[in-house]
Protein chains: 2
Amino acid sequence: MGDKAVVNPRHNKAEVFARLRDAHAREVTEDYVEMIGDLIAEEGEARSVALAERFGVTAATVNNTIKRLERDGFVTSRPYRAIFLTEKGEALAKKCRERHQIVYNFLVSIGVDPEIAEFDAEGIEHHVSEETLAVFAKETGRSY
Amino acid sequence: MGDKAVVNPRHNKAEVFARLRDAHAREVTEDYVEMIGDLIAEEGEARSVALAERFGVTAATVNNTIKRLERDGFVTSRPYRAIFLTEKGEALAKKCRERHQIVYNFLVSIGVDPEIAEFDAEGIEHHVSEETLAVFAKETGRSY
DNA sequence: TTTTAAAGTTAGTCAAGGCTAAATTGATTT
DNA sequence: AAATCAATTTAGCCTTGACTAACTTTAAAA
């Protein structure tokens, strides 16, 4: 008994990497719904030309991605018309926006330059667990 | 004059996303060289069966990736033999290991559970700028 | 109202990174 | 030495996410 093999933490990380691959698959989706939400808030509607410009990709790429988002139930769209978030998409966008903000605020609070924080937050936000996010939120604004 | 348009920081983020896409392209490479380094240190050599097991992918996938790493000058390998890091690969592995450690130590130091920190570090390490990494290193171990 | 420019779509290509199934090689046993 | 088994490789397929080029639609200007 008790010999459940005390595994070196650097071993059997397969799960970690599997979850990392899952996170990857969600990143583009999250970035898109977040951006679509921003566009609707700022400009009243989300057009693919604006998405293409903000992401720095071609209109064709946006088109592909929107089709996938539609297939997965995050947005609705009709040919040659603007793109809308479904409830599901809206909920995800909200969650992403909050997460982004927490990460950004935390980075700034520990002394990272705001511009760099903005940049790093974009990469980090998709890889932060709820637990770590909670710690970030708690630590933000502390006097160090 | 002066009307260089004060751009809302949420606009023209194309660069941010372009760099994000670049980071992506490097992630698998970084994870592989790091793991190959670990395997050589722990077991004397890196075999693809061990890589497959630790990443939780098939041997065929490892094979593909190793070919790409070889093409890009990070590893050398001969059919049916172990995999070795080139100097370039070794240098990258060292850098990744250090970065990983800094992120991990920082997360633990602010109160994240070690197991969760290990997990999150794996995702975060590829998205942390040098600047933020420096702040992490500086902040680690502070008394809060 | 017709023309034209901008926006959106479609078709075809490519690389990365997954997979399965089948073939091959190397190493161990018998 | 032959058989067997584990490791590796190969071939073929899939999805994502990028591209270009060509085409269509919508909206605005003439």
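In the text below, chain A, chain B and the rest are named by the order of the sequence lines, each starting its count at 1.
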Atom CD of residue position B:E45 - does it have more than 12 heavy atoms of other residues, nucleotides or ligands inside 6.0 Å? yes

Do the numbers put A:R19 on top of the ring of B:F119, so that NZ or CZ is under 6.0 Å from the six-membered ring centre and no more than 45° off the axis? yes

Comparing B:G56 with B:D72, nearest DNA chain C nucleotide closer to 5' gives the residue B:D72

Take the protein atom CZ of B:R78 and the nucleotide atom C1' of D:dT9, then report the distance between them rounded to whole Å. 15 Å

Gap between atoms CD and P, on B:E27 and C:dG18 respectively (whole Å): 11 Å

Does any N or O in the side chain of B:E122 come within less than 3.5 Å of the main-chain N or O of A:L20, such that one atom is a donor and the other an acceptor? no

Indicate whether OP1 or OP2 belonging to D:dA18 is found under 4.0 Å from a side-chain N or O atom of B:R21. yes

Could you tell me the separation between the CG atom of A:L20 and the C1' atom of C:dG18, rounded to a whole number of Å? 14 Å

Nearest whole angstrom, please: distance from the P of C:dA16 to the CG of B:D31. 16 Å

Answer with base, sugar-phosphate or nothing: what part of the nucleic acid does B:V28 contact at a heavy-atom distance below 4.0 Å? sugar-phosphate

Per atom distances to the A:V49 side chain, the nearest of D:dT9, D:dA18, C:dG8 is C:dG8

With a 4.0 Å limit, can you tell me whether B:K67 has a side-chain N or O closer than that to the phosphate oxygens OP1/OP2 of D:dT10? yes

Under 4.0 Å, counting only non-hydrogen atoms across every strand here, what does B:T58 touch: a base, just sugar-phosphate, or nothing? base

What is the separation between atom CG on A:L69 and atom P on D:dT16, rounded to the nearest whole Å? 11 Å

Going hydrophobic residue to hydrophobic residue with side-chain gaps under 4.5 angstrom, can you get from A:L39 over to A:F84? no

Comparing B:A46 and B:N64 on DNA chain D - which has the more 5′ nearest nucleotide: B:A46

Looking only at side-chain atoms of A:Y80, point me to the closest of C:dG8, C:dG18, D:dA18. C:dG8

Could you pick out which residue, A:A60 or A:A25, lies toward the 5' side of DNA chain D when each is mapped onto its nearest nucleotide? A:A25

Tell me what B:S48 touches on the nucleic acid: a base, only sugar-phosphate, or nothing, going by heavy atoms under 4.0 Å. sugar-phosphate

For B:R47 and D:dT8, is the shortest distance between a side-chain N/O and OP1 or OP2 below 4.0 Å? yes

Nearest-Å distance, CD1 (A:I66) to C1' (C:dA7)? 14 Å

Any idea how A:H24 and A:H127 line up, ring-wise: parallel (<30°), tilted (30 to 60°), or perpendicular (>60°)? perpendicular

Taking the minimum atom-to-atom distance to the side chain of B:N63, which one of C:dT10, C:dA7, D:dT8 wins? D:dT8

Among C:dT9, C:dT24, D:dA18, the nucleotide that comes nearest once only the side chain of A:P79 is considered: C:dT9

D:dA7 P sits how many Å from B:L51 CG, rounded? 13 Å

Classify the nucleic acid contact of A:R71 as base, sugar-phosphate or nothing, counting any heavy atom under 4.0 Å across all strands shown. sugar-phosphate

Quick one: B:E53 CD to D:dA7 C1', roughly how many Å, whole number? 14 Å

Grouping I, L, V, M, F, W and Y whenever their side-chain heavy atoms are under 4.5 Å apart, do A:L133 and B:V112 come out in a common cluster? yes

